[in-house]
Number of protein chains: 2
Amino acid sequence: MKISYKGDYALKTLLELALSYNKGVVSIHNLARKGDIPVKFLEQVLLTLKRGGFVDSKRGISGGYFLTKPPEKITVGEAVRFIEGPIEPLACAVRDSYDECKDFSGCVFKELLDQVYTATSLVIDTATFAELARRVNARQTERRDCTYSI
Amino acid sequence: MKISYKGDYALKTLLELALSYNKGVVSIHNLARKGDIPVKFLEQVLLTLKRGGFVDSKRGISGGYFLTKPPEKITVGEAVRFIEGPIEPLACAVRDSYDECKDFSGCVFKELLDQVYTATSLVIDTATFAELARRVNARQTERRDCTYSI
DNA sequence: ATAATCATGACTAATATAATAGACATTATA
DNA sequence: TATAATGTCTATTATATTAGTCATGATTAT
């Protein structure tokens, strides 16, 4: 699995919206500023997330984006898979396409990379944005000297 | 982690050489045929592996490639890291560069993706080519109706 | 009305990936 | 020692992906 900028931006944005869940909409502009993301690129990411059913928007002045589901019901895995596509390390190891490949040496690598896939899935499919938001809040009250920039 | 064609070819080739360890050299042509790899591309991969110290070669007629170390001493992780570069899912999560990023939301993702990295490493760094070769041999004696093609 | 906001498609530049082409070097062996 | 089979090396090409930018249109709170 590799996270592209698009995926990184999507994750950051979903987390930001999770932090604002039930507190009204957040404008693209604010999301871009918070995440240090180019506005026009973020527009694309948000439209993708909207088509994926992760977020919805309110148009016009005082419009913005919001999560369609409570953060407890959105996992990092869902988001990553939706944005990045299949996360299997090898194309031929993608689930439900096993029969295709009859290569001996391929098979032993597929076994191995399937273990990688399983271990990865365990981590990202059990992490929800609610939990991530909780951690962020915990840290902010701790008041570490962190600023908001990459 | 994502395995490119180059990485895939490198892994296949190292496994093939592991199967022939202590049985003389294997020519590029044979390696290409066995792995269904474009010959000229495989040349590059082999040169890379040679520069990385994984294989060595004998030139001239009846020349070819061979492993420089016993397959027990070569892990899949070493090979993947050498060919593909850092396998961390996020560039900013690469080990020893933690201090750089002070982004809050980034931090919680880094924690998570570090778990992915650790789980992945556990799998690929403990798998040796000797073990993979053993499995291939075990299957070939089982005589499943597998042919050598992707 | 109008300003702020979301919506969309076309376009571009940079980079990485996957492969191809061709000249050159080495060496077993007939 | 000629030669054919092999490895070595550099350069080039084609394609895909990534990370954006640009221009324009649609919606709506005020």
Side-chain angles (χ1 to χ4, degrees), chain A residues 1-13 17 20 24-33 35-68 80 83-87 89-92 150, chain B residues 1-13 16-17 20 24-33 35-52 54-68 80 83-87 89-92 150:
Chain A
M1 183 180 61
K2 186 194 140 207
I3 310 288
S4 66
Y5 270 81
K6 184 172 186 183
D8 187 30
Y9 294 161
L11 293 179
K12 274 186 182 177
T13 300
L17 292 178
S20 294
V25 304
V26 186
S27 71
I28 288 185
H29 185 75
N30 276 336
L31 290 170
R33 198 170 43 77
D36 193 28
I37 305 169
V39 177
K40 299 303 280 179
F41 196 11
L42 182 56
E43 286 181 11
Q44 290 178 26
V45 174
L46 282 167
L47 284 181
T48 305
L49 287 174
K50 188 176 179 182
R51 293 191 188 110
F54 290 89
V55 304
D56 203 350
S57 62
K58 191 184 146 199
R59 293 178 74 149
I61 202 166
S62 81
Y65 283 86
F66 55 93
L67 293 184
T68 53
V80 169
I83 293 288
E84 306 284 355
I87 64 165
L90 256 189
C92 73
I150 293 203
Chain B
M1 184 180 60
K2 186 194 139 203
I3 310 288
S4 66
Y5 272 81
K6 185 173 185 180
D8 187 31
Y9 294 161
L11 292 179
K12 274 186 183 178
T13 299
E16 202 59 47
L17 292 177
S20 295
V25 303
V26 186
S27 72
I28 290 184
H29 185 76
N30 277 337
L31 290 170
R33 199 169 43 76
D36 193 25
I37 305 169
V39 178
K40 298 302 281 182
F41 196 11
L42 182 55
E43 285 181 12
Q44 292 177 23
V45 174
L46 282 167
L47 285 180
T48 304
L49 287 174
K50 187 177 179 180
R51 294 190 187 112
F54 290 89
V55 303
D56 204 351
S57 61
K58 193 185 146 200
R59 291 177 74 150
I61 202 166
S62 80
Y65 282 87
F66 54 94
L67 293 184
T68 53
V80 168
I83 293 287
E84 307 282 354
I87 64 166
L90 255 189
C92 73
I150 293 202

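Throughout, a chain's letter reflects where its sequence line sits, starting with A, and its residues are numbered from 1. Treat the numbers as computed from the prediction; the structure is a model and nothing was measured. The basis for the numbers below is simple: all heavy atoms, side chains too, and nothing from hydrogens, waters or symmetry mates.
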*asked:* Students often get this wrong, so: under 4.0 angstrom with heavy atoms, is B/G63 touching a base, only sugar-phosphate, or nothing?
replied: sugar-phosphate
_Just verifying a value: how many Å separate A/E43 CD and A/I37 CD1, rounded to the nearest 0.5 Å?_
12.0 Å
_Steps toward side-chain contact (heavy atoms from CB on, under 4.5 Å) verdict (B/D56, B/F66)_ = CA-CA 6 Å; B/D56 204 351; B/F66 54 94; 3.6 Å; yes
*Can you check whether A/Y5 has a side-chain N or O nearer than 4.0 Å to OP1 or OP2 of D/dT17?*
no
*Of the nucleotides D/dT8, D/dT21, D/dT28, which has the atom closest to the A/Q44 side chain?*
D/dT21
_Donor-acceptor pair, distance only, cut-off 3.5 Å: does the side chain of B/T68 make one with the backbone of B/F54?_
yes
*Consider the side chain of B/I28, meaning its heavy atoms from C-beta on, and name the nucleotide among D/dC9, D/dG7, D/dT28 that approaches it most closely.*
D/dG7
*When you match A/S62 and A/R51 each to their closest nucleotide on DNA chain C, which lands nearer the 5' end?*
A/S62
*asked:* Which is more 5' along DNA chain D, the nucleotide nearest A/E43 or the one nearest A/K58? Just name the residue.
replied: A/E43
*asked:* Can you give me the first and the last nucleotide of DNA chain C (5' to 3') that has an atom within less than 4.0 angstrom of a non-hydrogen atom in chain A?
replied: C/dA4 to C/dA10
_Looking at every non-hydrogen atom in both residues, tell me the closest pair between A/A32 and A/V39 and how far apart they are._
CB-CG2, 3.8 Å
*Can you name the one residue among B/L11, B/T48, B/L42 that meets side-chain contact (heavy atoms from CB on, under 4.5 Å) with B/K6?*
B/T48
*B/K50 side-chain proximity, nearest of D/dT6, D/dT8, D/dA5*: D/dT8
*Rounded off to whole Å, could you give me the CG-to-P distance for the B/L47 and D/dA11 pair?*
14 Å
*Choose from D/dA29, D/dC22, D/dG7 the nucleotide whose nearest atom is closest to any side-chain atom of A/K40.*
D/dC22
*Over 12 foreign heavy atoms within 6.0 Å of OH, A/Y5*: no
*Heavy-atom pair of closest approach, residues A/G7 and A/I83*: CA-CG2, 3.6 Å
*Grab the CG-P distance between B/N30 and D/dT6 for me, whole Å please.*
8 Å
*Map A/P38 and B/Y65 onto DNA chain D by nearest heavy atom, then report which one ends up closer to the 5' terminus.*
B/Y65
